[in-house]
Q: 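Can you read through this structure? Questions will come right after.
The figures that follow rest on heavy atoms only: side chains count, while hydrogens, waters and symmetry mates do not. Worth saying up front: this structure is predicted, and the values here are computed from it rather than measured. Order of listing sets the numbers, starting from 1, for every ligand and every atom in it.
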Amino acid sequence: MCKFYIKGNNRLSGDVNISSAKNSVLPILASTILADGVSVINNAPNIEDVYVLCDVLRSLSAEVTIDKNNNIMIDSKKLSDKNIDNDLIGKMRAAFLVLGPLVARLGKARISLPGGCKIGARPIDLYLKGLKSLGATVKEECGYVEVTATRFVGGTVFLDYPSVGATELLMMAGAIADGTTYIENAAREPEIVDLAMFLKKMGARITGAGTSSIYIKGVKKLSGATYTPMFDRIEAGTMMIAAAMTKGKINIIGVKEEWMKPAIFKLREMGVKINCNGNQMFVDGDVDLRAIDITTMPHPGFPTDLQSQMLSLLCIAEGTSTVKETVFENRFVQVPELRRMGADIKIIDGKVASINGVQKLTGASVAAPDLRAGAGLILAGLGAQGDTEVDNIYFVDRGYVAFEEKLAALGADIERK
Ligand code: EPZ
């Protein structure tokens, strides 16, 4: 099993190009099977989850080819769930999104319920309630869900929580339904806007993506389309925090300032200097970091996917910070590992972390508990005095393209062995 070996305390500097977004490419890939045609998703990120989803699409008889530049061609003219690979779907939550397109195309689907994971139970009650509002019958039994709808019928769905996945699934289901679907209290994440852009290129009639009210006017059928997904705002935020963690100066290329605002404002509040210019952000972390308070919220609030990385940074900020995690129920999993690095963190009733900043963290052997907590530990190692070993880095490979190469190119002493 590979580990990252990090010698901390190098100031990072230079340019870094941001890859396309895992959390946009995955729903977009799932939605390609809505069309009985050929779609091309260009510049897909070279990460494990993309290849798993491609294998799921192949198990649905779609023809999927990936060229050397990671441009993915999906031909979903022939679609069948005869050989659906439910083991794969059970392993990767985002694969569950094929449910909407499958029922829309085949009238019925029986797929494995997504597993929970360390960060929380991650139920799908809102997904299923939404599909019922679009005229589907839904049966859950022995770890599977069976959804039947000869044709989705447009309806109104009020999401009790602005769930990203539920919004994405219902946008896909409503795209080829009879009538108009209204999703109220919809998620507003940029990845929703990106998926809507792709669906519109396929011929879907969607307005309001990015707001809490999304309207989808169902059409008869969709055709394949070619698309380049948005940049990964979580990778971009992670690199911003890397600059602050190491008192470095990093120029982050290929971003959209509008969608980086939560990270920009909270890091500026800590004293980090950030200069935005077109699709670039210059981050100067050579400052004395101040303690701040963070509460994670659905977009446009502070993203839960940057919480672990910020938690590591707050360990070396002057003063006492608090982090309130409101999106997932168990997202402080790397705190015990940070304590081994000298962090002074208390968890109050599982929801709030109180952090007393220390001068420096010290290197230690730690293990990544999940994708974003793993990224947080790597950042902690970059800023720490001494050597840090990070185990279970396969978690990190699921969400970051060539993470150690990009960090090493910025001057980090990090090796995969
Ligand atoms: C997406 O997950 C992202 N994953 C997550 O990123 C991200 O953390 C999350 O959105 C929030 O931004 C992908 O896009 C592939 P949700 P998703 O449905 O869609 C509750 C990463 O590290 N909920 O908005 O699963 C749920 O339990 C990953 O890249 C219900 O209660 O997120 C959670 O507490 C981690 N019932 C909250 O909503 C439901 O039916 C947010 O979940 C659905 C969700």
Q: Has the side chain of T211 got a donor or acceptor atom that lies under 3.5 Å from a matching backbone atom of G208?
A: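 Confirmed, T211 side chain pairs with G208 backbone.
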
Q: To the nearest 0.5 Å, what is the distance between CG (D49) and CG (L26)?
A: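 The CG atom of D49 sits 5.5 Å away from the CG atom of L26.
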
Q: Hey, is H299 touching ligand 1 through its side chain, its backbone, both or neither, going by heavy atoms under 4.0 Å?
A: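 It is neither; nothing of H299 touches ligand 1.
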
Q: Of the side chain and backbone of L126, name the one, both, or neither that has a heavy atom under 4.0 Å from an atom of ligand 1.
A: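 Within the 4.0 Å criterion, L126 contacts ligand 1 through backbone and side-chain atoms alike.
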
Q: Give the contacting part of I234 toward ligand 1: side chain, backbone, both or neither, where contact means a heavy-atom distance below 4.0 Å.
A: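 I234 to ligand 1: no contact under 4.0 Å from either part.
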
Q: Report, in ascending order of atom number, the atoms of ligand 1 lying under 4.0 Å from any heavy atom of R331.
A: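 Under 4.0 Å from R331, ligand 1 has these atoms: 8 (O), 22 (O), 35 (C).
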
Q: Would you please name every residue forming a side chain to side chain contact (heavy atoms under 4.5 Å, CB included) with V153, sequence neighbours left out?
A: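 Partners of V153 under the side chain to side chain contact (heavy atoms under 4.5 Å, CB included) test: none.
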
Q: Could you tell me which atoms of ligand 1, counted from 1 in the order shown, lie closer than 4.0 angstrom to a heavy atom of R93?
A: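 Those of ligand 1 that fall under 4.0 Å from R93 are 25 (O).
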
Q: Evaluate S163 for polar contact with ligand 1, using N/O atom pairs at a separation under 3.5 Å.
A: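 It does: an N or O of S163 is found under 3.5 Å from an N or O of ligand 1.
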
Q: Dump the intermediate steps for side chain to side chain donor-acceptor pair (under 3.5 Å) on Q280 and N251, then the final yes or no.
A: CA-CA 7 Å; Q280 307 196 8; N251 191 38; 2.7 Å; yes

Q: Tell me whether K417 forms a cation-pi arrangement with Y5, defined as NZ or CZ under 6.0 Å from the six-membered ring centre and within 45 degrees of its axis.
A: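 Pair K417/Y5 counts as cation-pi.
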
Q: Atoms of ligand 1 less than 4.0 Å from F328 heavy atoms?
A: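 Under 4.0 Å from F328, ligand 1 has these atoms: 8 (O), 33 (C), 34 (O).
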
Q: Could you check which of A121, P27, P123 puts a non-hydrogen atom nearest to atom 27 (O) of ligand 1?
A: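 Checking each option, the heavy atom nearest atom 27 (O) of ligand 1 is found in P123.
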
Q: Which ligand 1 atoms, with their elements, are less than 4.0 angstrom from a heavy-atom of V327?
A: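 Near V327, meaning under 4.0 Å from one of its heavy atoms, ligand 1 has 33 (C), 34 (O), 37 (C), 41 (C).
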
Q: What atoms of ligand 1 come closer than 4.0 angstrom to any heavy atom of D305?
A: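 Under 4.0 Å from D305, ligand 1 has these atoms: 5 (C), 6 (O), 7 (C), 8 (O), 21 (C), 22 (O), 28 (C), 29 (O), 35 (C).
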
Q: Where the side chain of R105 meets the backbone of S76, is there a donor-acceptor pair that is under 3.5 Å apart?
A: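 Judged by distance alone, yes, a pair lies under 3.5 Å.
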
Q: Just heavy atoms, cut-off under 4.0 Å: does R372 contact ligand 1 by side chain, backbone, both, or neither?
A: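 Contact part for R372 vs ligand 1: side chain (C-beta onward).
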
Q: Side chain, backbone, both or neither: which applies to E191 and ligand 1 if a contact is any heavy-atom pair less than 4.0 Å apart?
A: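 Answer for E191: neither.
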
Q: Number the atoms of ligand 1 from 1 as they appear, then name those within less than 4.0 Å of a heavy atom of G165, with their elements.
A: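 Answer, ordered by atom number: 18 (O), 19 (O).
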
Q: Report, as yes or no, whether the 6.0 Å neighbourhood of atom NZ on K217 holds more than 12 heavy atoms from other residues, nucleotides or ligands.
A: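 No, NZ of K217 has 12 or fewer neighbouring heavy atoms, counting only those of other groups under 6.0 Å.
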
Q: Look only at the side chain of R58 and the backbone of E63, and say whether a donor-acceptor pair between them is shorter than 3.5 Å.
A: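 Checked: no pair found.
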
Q: For ligand 1, does T304 get within less than 4.0 Å through its side chain, its backbone, both, or neither, judged by non-hydrogen atoms?
A: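 Under 4.0 Å from ligand 1, T304 contributes side-chain atoms alone.
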
Q: Run I252 and M240 through side-chain contact (heavy atoms from CB on, under 4.5 Å) and show every step you take.
A: CA-CA 8 Å; I252 298 169; M240 295 171 83; 3.4 Å; yes

Q: Output the list of atoms in ligand 1 that are nearer than 4.0 Å to some heavy atom of K22, sorted by atom number.
A: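 The list of qualifying atoms is 21 (C), 29 (O).
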
Q: Looking only at distances, can you tell me whether any N or O atom of V164, backbone or side chain, sits closer than 3.5 Å to an N or O atom of ligand 1?
A: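 So ligand 1 has an N or O lying under 3.5 Å from an N or O of V164.
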
Q: Check ligand 1 against I124 and write out every atom of the ligand that is under 4.0 Å from a heavy-atom position of the residue.
A: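 Counting atoms of ligand 1 from 1, those under 4.0 Å from I124 are 39 (C), 40 (O).
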
Q: Please indicate whether any nitrogen or oxygen in A166 is less than 3.5 Å from any nitrogen or oxygen in ligand 1.
A: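 Such a contact does not occur with ligand 1.
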
Q: Look at atom NZ of K351 and say whether more than 12 heavy atoms of other residues, nucleotides or ligands are closer to it than 6.0 Å.
A: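 It does: K351 NZ has more than 12 such atoms within range.
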
Q: Is a salt bridge present between E146 and K139, judged by a nitrogen-to-oxygen distance below 4.0 Å?
A: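 Counted as a salt bridge, because a side-chain N and a carboxylate O are separated by less than 4.0 Å.
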
Q: Could you state the interatomic distance from SG (C315) to CE (M341), rounded to the nearest 0.5 Å?
A: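 The SG atom of C315 sits 9.0 Å away from the CE atom of M341.
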
Q: Around atom 36 (N) of ligand 1, find the nearest protein heavy atom and jot down its residue, atom name and distance.
A: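 Result for atom 36 (N) of ligand 1: D125 OD1, 2.7 Å.
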
Q: When you measure from the heavy atoms of G399 to every atom of ligand 1, does any distance fall below 4.0 Å?
A: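 G399: no contact with ligand 1 (<4.0 Å).
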
Q: Please write down residue, atom name and distance for the protein heavy atom closest to atom 17 (P) of ligand 1.
A: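 Ranking protein heavy atoms by distance from atom 17 (P) of ligand 1, first comes R122 NH2, 3.8 Å.
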
Q: Considering heavy atoms of the protein only, find what lies nearest to atom 3 (C) of ligand 1 and give residue, atom and distance to 0.1 Å.
A: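 Looking at atom 3 (C) of ligand 1, the protein heavy atom closest to it is N23 ND2, 3.7 Å.
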
Q: Using heavy atoms and a threshold below 4.0 Å, how should the contact between Y161 and ligand 1 be classified: side chain, backbone, both, or neither?
A: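 Just the side chain.
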
Q: Could you grab the distance from atom CG of L12 to atom CD1 of I250, nearest 0.5 Å is fine?
A: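 Those atoms lie 4.5 Å apart.
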
Q: Strictly less than 4.0 Å: does any protein heavy-atom distance to atom 20 (C) of ligand 1 fall in that range?
A: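 No, there is none.
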
Q: Answer yes or no: does atom CZ of R205 have more than 12 heavy-atom neighbours from other residues, nucleotides or ligands under 6.0 Å?
A: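 Result for CZ/R205: open.
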
